[in-house]
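Reminder, nothing fancy here: chain letters follow the sequence lines and each chain counts from 1.
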Amino acid sequence: MDKIIKRTHTCGELSLDDLEKNVSLNGWISKRRDLGGLIFFDLRDRYGITQIVFDEKKNDYSFNIAKKLSFEDVIGISGIVIARPKEAINDTLATGQIDIEVNDIVVYNESEPPPFDINNRNSASEEHRLKYRYLELRTKELQHSMLLRHQSCLEIRKFLSNLDFIEIETPILMKSTPEGARDFLVPSRIHSGKFYALPQSPQTYKQLLMVSGFDKYFQIVKCFRDEDFRADRQPEFTQIDIEMSFVEQDDIIELGTNLTRKIWKQIVNVELPEAFPKLTYKESMEKYGTDKPDIRFDMQLLEFDQYIFDSSFDTFKNILSSKGRVKAIKCPNASMYSRKIIDELTDWLKTYYNAKGLAWMKCSDNILDGGISKFFDNSLKSKIINDLSISNDEIIFIIGDSQDIVLSALGALRLKLADRENLIDKTQWAPLWVVDFPLVEWNKDHKRWDALHHPFTSPNLEDLELVDSNPGLARSLGYDIVMNGYELGGGSIRIHDSKLQAKIFNLLGVDDQEANEKFGFLMNAFKYGAPPHGGMAFGLDRIIMLLTGSAQIRDVIAFPKTTSAMSLMDDSPSFVDQEQLNELGLKIKEKK
RNA sequence: GGGGUGGUAGUUCAACUGGUUAGAGCACCGGCCUGUCACGCCGGAAGUUGCGAGUUCGAUCCUCGUCCAUCCCGCCA
């Protein structure tokens, strides 16, 4: 164990140019082929694979050591670069023209049989791979993800630094605030009974930095939200956090566009358009049923209210008279949609999106047929076909319900149908901005207005009167950037006036005392020369996920958690000693 | 909080309608093999069918509970 063979090359670089050279390599045994008197190893490091060969007749010292070695042993070797016989050249390998004929070898660490095949990530379930994450990180997929993540961060830092942004670290232990997601709490030992929270985002700090005069700030920073998780959501995740002073919404949108273009150009060599399309929140909801539309394909939601009044379909008439909505979506290959398949779609919409049903009509021979077509007379059906440009062998699905349900159910159906019909060009990138978000939304459970973005978001100054008269209609200066149906990031122009901020708190039902307790420090800061400012934050993990072509955020985080927020590798969270609890003045309640 | 799917050898999977000794590939162990690259050939070992109850003459299979994973709804300013 005392000897180390220092590598002269990595496992990905030797070629015929290096013939006859005496070289040394370090790496892991990735494959082993034992032919008796001749043994081949594929030696792997993060740069590549080089085949090394042990010949009993030429060097029986290293041969005898190699005889005992197997998968994932770590070794160092020295030897001569030799050309492979013509018939043994491997074109699939960058180093496939050569071998290293080994004459010295050191075994640094023998491996137990690995719990799964590092060469084949699918040789084990995800659960199993997460338990041995440090081994999964040896796979070429995860090595690639980590490298790409690193390169992306470099490009981001370079891009922003060149524009005079500076990266400033903000606290990880901060004040718990009532708004937004559930906080992860950290008990204070020194102040028994008090808690810090881990930041859901450095929102308040970056606004304070604007007051401090750092007019262009950014930070690549961990954020924490104690909610339930999904394929694209983890309890801790990384944001590219940005804030600027003396700017308007369009300045941030331009910056966000350019940053996104830079990343895509540098990392995957894709030229995104100079300006991304902009949709208002309202347009997005009406056309796509979501505020993060995938616009790689069209298939927009169609207005259908206007045909209901002249029909004899009372169910939908009743929905309209109780302020509901009726919208439709048009889908090709009607003949593929049997009763059984439509029933399955209906059940799915009922289960997940609270739809009460899924109506439909098929177009054949220029007439609408089947489903609810009997409630529409012939001239009305012709009008529908003409208005909505329905072609033969298309089916329209129709949902009538409250507006929320119609939009979310049809939005989900749109994605489902696109998938079924293969309408999405997977090689395409479709970025866009969604703007003019509502300032607040009505919270039915608590009977109050909640901020849609966060309470520091400025109302659109044109809508200031609405804030008093009809808050639900007031637009904010909030915006999201969306790529291929994923929310990549979002931000807003902030309130920098303590009077306006007080007014918004008032609207949100946060009284003066509470506002002062929770956000007094920010309100105070705004009394001392707060510049107009705004910013945004990108979800770094989601960006990397898209760039690597993965649908799982876990694939781009070195040590991710499961959907129940556990780490299978180190088995956290875990219980702690009674003594630790005592120090913190905590007592665990029995769960009933 | 709710719903779907899954949990069988180290691992990936199979096992009909509930029925004899729960099988196969890879890995592992032993043997043979000098141009392999999914090396090949011969032989071997390997199981608390996630856990706990129940139904049954009999449960991997049916029922209930529970744990874990995953996907989705709610949630995620």
Using a 4.0 Å heavy-atom cut-off across all strands, classify A:Glu441 as base, sugar-phosphate, or nothing. nothing

Contact class for A:Ala124 (heavy atom, under 4.0 Å): base, sugar-phosphate, or nothing? sugar-phosphate

If you pin A:Ala565 and A:Leu93 to their nearest nucleotides in RNA chain B, which one's is more 5'? A:Leu93

Do the side-chain N or O atoms of [X] get closer than 4.0 angstrom to the phosphate oxygens (OP1, OP2) of [N]?
X: A:Gln51; N: B:G35; value: no
X: A:Arg230; N: B:C73; value: yes
X: A:Thr351; N: B:G3; value: no
X: A:Ser125; N: B:U70; value: no
X: A:Arg554; N: B:C71; value: yes
X: A:Tyr353; N: B:C73; value: yes

When you compare B:A14 with B:C62, how far apart are their P atoms, in angstrom units rounded to a whole number? 15 Å

Please determine whether any donor N or O and acceptor N or O are separated by less than 3.5 Å between the side chain of A:Arg225 and the base of B:C76. no

Quick one: A:Tyr352 OH to B:G2 P, roughly how many Å, whole number? 14 Å

Rounded to whole Å, please give me the gap between CZ in A:Arg33 and P in B:C39. 6 Å

Distance under 6.0 Å and angle within 45° of ring axis: A:Arg414 vs A:Phe297: yes

Quick one: salt bridge (Lys or Arg N to Asp or Glu O under 4.0 Å) partners of A:Asp34, sequence neighbours excluded? A:Arg32, A:Lys67

